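None of the values given here were measured: they were computed from a predicted structure. Numbered from 1 within each chain, the chains take letters A, B, ... in sequence-line order.
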2 protein chains.
Amino acid sequence: MKRRNTATQEAVLAVLASKRRAMSQDAIIKQMTVDADRATVYRILNRFCEDEIVHKIVADDGKQYFAVCVKCDDVIIPGNHFHFRCTKCETIECLPSIVEYSVPESYKVENLNCVLVGLCKECS
Amino acid sequence: MKRRNTATQEAVLAVLASKRRAMSQDAIIKQMTVDADRATVYRILNRFCEDEIVHKIVADDGKQYFAVCVKCDDVIIPGNHFHFRCTKCETIECLPSIVEYSVPESYKVENLNCVLVGLCKECS
DNA sequence: AATCTATTGCGACAGTGTTGCATTAATGAA
DNA sequence: TTCATTAATGCAACACTGTCGCAATAGATT
Ligand SMILES: [Mn+2]
Ligand SMILES: [Mn+2]
Ligand SMILES: [Zn+2]
Ligand SMILES: [Zn+2]
């Protein structure tokens, strides 16, 4: 299954790369110049997740948000970081803060989905 | 707005109290002996949240899960604890582990939604 | 140009959570 | 007890999200 380059994929990535935030499919399509079908954008985003170009966060509104896997302060932010959702400006951003946790004996953690909710710097 | 006691409310609470897990509205209704309307159960659960009888977790499947606010090892588990979702037995439980985080200057955290995903003790 | 097949658009679907509104029933006063 | 008040419910309807099947389109390669 070799990947192909398409205008729609580049448009999706361009939006995600320009904003420094995690965005919902809804918000991504609104920001896109090219029009694309909802289902297509979902497929593109899921493909990006498989290829680890973006990562997915499920916020406490139940929606999926996607963000590019970027470097921050010259350190690659891995999957296991906190996210922050501002209830006022309705944005979600990746925090440079790593999630530290401990689980009971013999539990196996494969994934994290940690979202802090509140007011961001600008809104508080 | 004074609260009234009803059989449905007690049934919902009975289910949540008997299981030690966080449950979705779906799962709660399946376990209930009394039948009740979907919408009613949601209203009951949201009321319980307001009254802080239960707390709500949004898992990475985008669904809302509800759990009674119980004591664990004689220590009250507050709202800011991790949750664990087992992908095999499809349960969500409250972990006794507190979420430790740090946010950038002047961010205000009002809520947490932190879910660890993987295999629980029995399933791993 | 011809071929292969990844990608897309469209329609359809299941599931979740919410709301409006008429009806029922819990509660406290008479 | 009876009555009045209104919280709680059942039902229908709705918006929204994420997914999938399938035929059509269009990258990539020879
Ligand atoms: Mn992130
Ligand atoms: Mn909990
Ligand atoms: Zn903000
Ligand atoms: Zn399990």
Side-chain angles (χ1 to χ4, degrees), chain A residues 1-16 22-51 53-67 85 87 90 92 111 113 115 117, chain B residues 1-16 22-51 53-67 83 85 87 90-92 111 113 115 117:
Chain A
M1 181 100 79
K2 202 170 280 181
R3 294 283 137 92
R4 294 177 182 180
N5 291 330
T6 66
T8 312
Q9 287 179 91
E10 282 173 16
V12 170
L13 194 54
V15 169
L16 286 177
M23 301 173 73
S24 64
Q25 167 266 346
D26 184 53
I28 293 169
I29 286 193
K30 281 198 188 114
Q31 293 289 328
M32 281 172 62
T33 53
V34 189
D35 10 329
D37 189 72
R38 243 162 38 85
T40 302
V41 173
Y42 273 116
R43 279 189 272 231
I44 289 172
L45 290 169
N46 287 330
R47 230 178 295 148
F48 283 169
C49 283
E50 285 174 29
D51 298 346
I53 296 169
V54 307
H55 62 283
K56 183 196 292 190
I57 310 110
V58 177
D60 56 330
D61 59 2
K63 287 166 61 179
Q64 301 179 348
Y65 288 77
F66 301 86
R85 182 167 83 86
T87 51
E90 282 300 342
I92 294 186
N111 229 325
N113 195 79
V115 182
V117 185
Chain B
M1 180 100 78
K2 203 171 276 178
R3 293 284 138 90
R4 295 178 183 180
N5 292 330
T6 66
T8 313
Q9 286 179 91
E10 280 172 17
V12 171
L13 194 53
V15 170
L16 286 177
M23 303 173 71
S24 63
Q25 169 264 347
D26 184 52
I28 293 169
I29 285 192
K30 280 194 188 118
Q31 293 290 326
M32 280 172 64
T33 53
V34 191
D35 19 331
D37 191 73
R38 247 164 34 82
T40 302
V41 173
Y42 271 117
R43 278 188 273 230
I44 289 172
L45 290 168
N46 287 330
R47 232 177 296 150
F48 283 170
C49 284
E50 285 174 29
D51 298 346
I53 296 169
V54 307
H55 62 282
K56 182 196 293 188
I57 310 109
V58 177
D60 55 331
D61 58 4
K63 287 166 60 181
Q64 301 179 349
Y65 289 77
F66 300 86
H83 293 92
R85 182 167 84 85
T87 51
E90 282 301 341
T91 60
I92 294 185
N111 229 325
N113 195 79
V115 183
V117 186

Fill in: Phosphate OP1/OP2 of C:dA6: any A:K2 side-chain N/O under 4.0 Å
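Answer is no, no contact under 4.0 Å.
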Practice prompt. Tell me whether the OP1 or OP2 atom of D:dA8 has a side-chain N or O from B:T40 closer than 4.0 Å.
Written response: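 The answer is no; no side-chain N or O of B:T40 sits under 4.0 Å from OP1 or OP2.
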Without decimals, in angstroms, what is the distance between [X] [atom1] and [N] [atom2]?
X: B:K63; N: C:dA14; atom1: NZ; atom2: C1'; answer: 12 Å
X: B:Y42; N: C:dG20; atom1: OH; atom2: P; answer: 18 Å
X: B:D37; N: C:dG20; atom1: CG; atom2: P; answer: 16 Å
X: B:D26; N: C:dA14; atom1: CG; atom2: C1'; answer: 12 Å
X: B:E50; N: D:dA7; atom1: CD; atom2: C1'; answer: 13 Å
X: B:D35; N: C:dT24; atom1: CG; atom2: C1'; answer: 16 Å
X: A:L45; N: D:dT19; atom1: CG; atom2: P; answer: 10 Å

Assign [X] to base, sugar-phosphate, or nothing according to its heavy-atom contacts below 4.0 angstrom with the strands shown.
X: B:R38; value: base
X: B:N46; value: sugar-phosphate
X: A:R3; value: sugar-phosphate

Please check if the side chain of [X] supplies one atom and the backbone of [Y] the other of a donor-acceptor pair under 3.5 Å.
X: A:Q25; Y: A:F66; answer: no
X: A:D37; Y: A:A39; answer: yes
X: A:N113; Y: B:D60; answer: no

Discussion item. Reading DNA chain C from 5' onward, which residue's closest nucleotide shows up sooner: B:R43 or B:Y65?
Written reply: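 Closer to the 5' end of DNA chain C: B:Y65.
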Discussion item. Counting only heavy atoms from other residues, nucleotides and ligands, does the tally under 6.0 Å from CG of A:D51 exceed 12?
Written reply: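 Check passes, neighbour count above 12.
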How close do [X] and [Y] get, counting heavy atoms only, and between which atoms?
X: B:A22; Y: B:Y65; result: O-CD2, 3.7 Å
X: B:R4; Y: B:Q9; result: O-NE2, 2.8 Å
X: A:A36; Y: A:V41; result: CB-CG2, 4.0 Å

Worksheet item: Axis-to-axis angle across the helix from C:dA1-D:dT30 to C:dA30-D:dT1, five pairs an end, to 10 degrees?
Response: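 Taking five pairs per end, the axes differ by 30°.
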Worksheet item: Is the closest side-chain heavy-atom distance between A:L45 and A:K56 below 4.5 Å?
Response: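 With C-beta onward as the side chain, the pair stays apart.
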Worksheet entry | Residue met sooner reading DNA chain D from 5', once A:G62 and B:R47 are mapped to nucleotides |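 It is B:R47 whose nearest nucleotide is closer to the 5' end.
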Discussion item. On DNA chain D, compare the nucleotides closest to A:A39 and B:A36; which residue's is nearer the 5' end?
Written reply: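 Nearer the 5' end of the strand: B:A36.
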Worksheet entry | Any residue of residues 4-13 of chain B with a heavy atom less than 4.0 Å from an atom of DNA chain C |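 Going residue by residue through residues 4-13 of chain B, the ones with a heavy atom under 4.0 Å of DNA chain C turn out to be B:R4, B:N5.
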Practice prompt. Could you tell me the separation between the OG atom of B:S24 and the CD1 atom of B:I29, rounded to the nearest 0.5 Å?
Written response: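 The OG atom of B:S24 sits 9.5 Å away from the CD1 atom of B:I29.
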